[in-house]
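A, B, ... follow the sequence lines: proteins, then strands. Residue 1 opens every chain.
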There are 2 protein chains.
Amino acid sequence: MVKEISGIPGAKLPLDRELVLERAMELADGAGLGALTMRSLAQSLGVKPMSVYYYVANKSEILDGLVDRVFEEADAARLGHVASWQQAMRNRAIALRNTLVRHKWALGLLESRMSPGAATLRHHNATLETLRLAGFGVVLATRAYALLDSYIYGFVLQESTIPVGDGSSIPAVAETMVKHFESGQYPYLVEAATEVVMQPGYDFGSQFEDGLDLLIRGLEVWLESTPTSGTASQQPGSTNNSHIETRLEETPWHRQTTGNAHSSMTRSGPNNPPD
Amino acid sequence: MVKEISGIPGAKLPLDRELVLERAMELADGAGLGALTMRSLAQSLGVKPMSVYYYVANKSEILDGLVDRVFEEADAARLGHVASWQQAMRNRAIALRNTLVRHKWALGLLESRMSPGAATLRHHNATLETLRLAGFGVVLATRAYALLDSYIYGFVLQESTIPVGDGSSIPAVAETMVKHFESGQYPYLVEAATEVVMQPGYDFGSQFEDGLDLLIRGLEVWLESTPTSGTASQQPGSTNNSHIETRLEETPWHRQTTGNAHSSMTRSGPNNPPD
DNA sequence: ACCAACTTTCGTACTGTGTACGAAAATACC
DNA sequence: GGTATTTTCGTACACAGTACGAAAGTTGGT
C-alpha cells in the first residue's frame with residue numbers, strides 16, 4: 001500500500017504517535033469516549049489493531065495523551081497579554097471551560113488519570129505564576145487556584161449532564177416534569193424546570209461568567225485581607241515559610257457543623273474504571 | 001440451599017433489588033467502580049451472574065440506583081433545623097461533599113447518568129425550597145444552586161485526583177517533583193508542591209469550607225442586589241414571569257473576552273462509556 | 001545484488017466484560 | 001398431589017484490551 005500524503009482526514013498517513021492521538025481525539029469528539037476502542041482507532045488509522053501498540057504502550061497512555069492535549073488546547077485558546085490578574089484568571093477560566101465543553105469526554109478522564117503530561121504541568125505552572133506575581137502567597141495562590149478549578153470543573157460537569165443546550169430534546173424531559181408536576185411532589189423543582197430551564201432562550205452556559213466573577217471578587221477579598229499582600233513577587237525557590245496566612249474571618253453562622261468532615265478511611269488503591 | 005437470615009455481610013440473604021444495590025455499593029466502595037462487574041456482584045450475592053438480571057434490567061440501572069442512594073445518604077447526613085439559609089446551604093454542601101468523598105466513584109457517575117431517582121429529585125427540590133423561601137427568585141435560586149453544586153462537584157473531583165490525603169504515597173510524587181525542580185521548568189508548580197501540598201499537616205479537604213464561605217458570601221450579595229428580594233416566599237406554581245432579575249453590576253475588567261464562548265456543535269448522542 | 005539489522009505491521013488467541021435466550025429449579029397455591 | 005408463578009442458572013455471543021511472536025517492509029553496508 002502506498003502512503004498517500006494528503007490532508008484528508010481518514011486517509012492513510014505515515015503512522016506516528018501524534019497521529020494516533022489526533023485520530024483518537026477525533027473519535028472521542030465525534031462519538032464519545034465509548035467509541036474510542038483500539039479496534040476503531042486502528043481502523044480510522046487504516047491499520048490493524050495491534051499495529052497501534054507500536055506507538056503506544058496501552059490504551060491508558062492514549063487517554064493520558066488526550067488529557068494533555070486538552071490542556072494544550074486550553075492554553076492556546078487564551079489571549080496574549082492582559083492587564084490584571086483578574087482578567088488573566090478570567091480568560092484562563094473561560095478558555096478552559098470552552099475547551100472542556102468542546103471535548104466533553106475530557107472531564108471524565110481528569111479523574112482516573114494521575115500522570116500529568118508536559119502541557120498540563122506548563123498550564124498549572126503558568127496559572128500559579130499569575131497568582132504569585134499578583135501578590136498571592138504560596139498557600140493563598142494554591143487555594144485560589146483550587147477554588148477556581150473547582151468551579152470550572154464542577155460547572156462543566158453539570159453542563160454535560162444537562163439534556164443539551166439547544167431546545168431539541170426537551171420534550172422528553174418535559175413529559176417527565178409534567179408527570180412530577182401532577183404528582184404534586186417536587187414543586188420547587190418543577191417550578192425551576194418549567195419557568196427557567198426549559199424556557200425558550202435559556203442557556204445554562206451563560207451563567208458561567210456570573211459565577212466566575214463572584215469567585216474572582218471573593219479572591220480579591222482574600223488577597224486584601226492577607227498579611228503577605230505587600231510581598232508581591234518573591235521568587236519561587238526562596239524557601240521562606242510564611243505559611244499560616246489566610247485564616248479568614250469567621251462569619252456568625254460559621255462554626256456549628258464541621259462535624260465528621262473527611263473520614264474516608266481504608267482507600268485500597270487507585271481506581272481505574274476505564275482502563 | 002437454605003437461606004440463612006443473618007446480619008453477616010457476604011452471607012446469603014433472600015435476594016432483593018435493595019440487596020443488589022447494597023452489595024453493589026459495597027463493591028464500589030471497597031475496590032472502585034472497576035471492581036463492580038455483574039459477575040463479581042453475583043458472586044458477592046452468592047448467586048450466578050444471570051440471576052441478578054431478575055431484579056435489575058441491566059447494569060446501567062444499577063448505576064442509576066447507586067447514584068440515587070448517594071443523594072439519599074447525603075440528605076440523611078444533613079442536620080435537622082437551621083436558622084438561616086446560609087447555614088442550611090452550608091450544611092447541605094458539607095454533607096454532600098462528605099458523601100461524595102465517602103463514595104469516590106459516585107462523581108464519575110454523575111455524568112453519564114441522566115435519569116434521576118426519587119431521592120435525587122427530593123434532594124434537589126428541598127434545596128431549591130430553601131433558597132426560594134429565603135427570598136431568592138426562581139432564576140436566582142437556580143443560579144445559586146448551580147453555583148454551589150459546581151463548587152462541590154469540582155472540589156470533590158480535584159480531591160479524588162490528589163494522590164491521597166494521608167502522607168503515605170507521597171514519595172512517588174515527591175520524586176517526580178524533585179526531577180522537575182532540577183529541570184528548572186515549572187518553578188511555581190514545584191514551589192506549590194513542596195511548600196504547600198506535601199507539607200506534613202497539609203489537608204486539601206480543609207480548604208473546602210473556606211471556599212464555600214466565599215461562595216455563600218457572594219450569594220448574599222446576589223440576593224441583596226436583586227429586585228425580587230422582598231418577594232420572599234411566593235408559592236411555586238404561581239406562574240409569574242419576573243425573570244430578568246439579576247443582571248449583576250459590571251466590573252471594570254469585565255467585558256473584553258467573552259469571545260467564542262460555547263460552540264460545541266454536532267453532539268451526536270448521549271455518551272455512555274461505563275455502560 | 002545480497003544480506004543482515006532494524007523498524008513496522010499484523011494473525012492468532014486468551015481473558016474478561018455485559019447480556020440475550022430459554023431451560024431448569026424452587027416455591028406458592030389450590 | 002398438580003399446576004402456576006417466581007426465581008435461578010447454563011450456554012453462548014459480541015465486544016473489550018492486549019500478550020506473543022511471526023511476517024513484512026525498510027535501510028544501510030559491502
Donor-acceptor under 3.5 Å (A/Lys104 side chain, A/Asp29 main chain):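 A pair under 3.5 Å: no.
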For [X] and [N], give me the distance from atom [atom1] to atom [atom2], rounded to whole Å.
X: B/Leu33; N: C/dT17; atom1: CG; atom2: C1'; result: 14 Å
X: B/Leu45; N: D/dC9; atom1: CG; atom2: C1'; result: 14 Å
X: B/Met38; N: C/dT15; atom1: CE; atom2: C1'; result: 19 Å
X: A/Lys48; N: D/dA24; atom1: NZ; atom2: P; result: 13 Å
X: B/Tyr55; N: C/dT19; atom1: OH; atom2: P; result: 18 Å
X: B/Ile62; N: C/dT19; atom1: CD1; atom2: C1'; result: 12 Å

Lys/Arg-Asp/Glu bridge criterion (N-O < 4.0 Å) met for B/Arg17, B/Glu61: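 B/Glu61 and B/Arg17: salt-bridged.
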Pairwise 5' ranking along DNA chain C for A/Pro49 and B/Leu36, keeping only the more 5' one: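 So the residue in question is A/Pro49.
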Sugar-phosphate, base or nothing in reach of B/Tyr53, heavy atoms under 4.0 Å: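 Base: the residue B/Tyr53, judged by heavy atoms under 4.0 Å, touches a nucleobase.
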Sugar-phosphate only, base, or nothing, as touched by A/Ser51 at under 4.0 Å among non-hydrogen atoms: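 The residue A/Ser51 makes base contact.
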Closest to side chain of [X], choosing from [options]:
X: A/Arg39; options: D/dA12, C/dC10, D/dG17; value: D/dG17
X: B/Asn58; options: D/dG17, C/dT19, C/dT9; value: C/dT19
X: A/Tyr54; options: C/dT8, D/dT18, C/dG18; value: C/dT8
X: B/Lys59; options: C/dG18, C/dC21, D/dC20; value: C/dG18

Side-chain donor-acceptor pairs under 3.5 Å in residues 63-72 of chain A, sequence neighbours left out?
{"from": "A/Asp64", "atom 1": "OD2", "to": "A/Ser115", "atom 2": "OG", "distance (Å)": "3.1"}
{"from": "A/Asp68", "atom 1": "OD1", "to": "A/Gly117", "atom 2": "N", "distance (Å)": "3.4"}
{"from": "A/Asp68", "atom 1": "OD1", "to": "A/Ala119", "atom 2": "N", "distance (Å)": "3.3"}
{"from": "A/Asp68", "atom 1": "OD1", "to": "A/Thr120", "atom 2": "N", "distance (Å)": "2.8"}
{"from": "A/Asp68", "atom 1": "OD1", "to": "A/Thr120", "atom 2": "OG1", "distance (Å)": "2.5"}
{"from": "A/Asp68", "atom 1": "OD2", "to": "A/Ala118", "atom 2": "N", "distance (Å)": "3.3"}
{"from": "A/Asp68", "atom 1": "OD2", "to": "A/Ala119", "atom 2": "N", "distance (Å)": "3.1"}
{"from": "A/Arg69", "atom 1": "NH1", "to": "A/Glu22", "atom 2": "OE1", "distance (Å)": "2.8"}
{"from": "A/Arg69", "atom 1": "NH2", "to": "A/Glu18", "atom 2": "OE1", "distance (Å)": "2.5"}

5' priority, DNA chain D, between A/Met50 and A/Ser40 [closest heavy atom]: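 Upstream on the strand: A/Ser40.
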Pair B/Phe204 and B/Phe155, ring centroids less than 6.0 Å apart: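 Yes, close enough.
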Test: A/Arg97 cationic atom under 6.0 Å from A/Phe208 six-membered ring centre, within 45° of axis: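 Cation-pi check for A/Arg97 and A/Phe208: passes.
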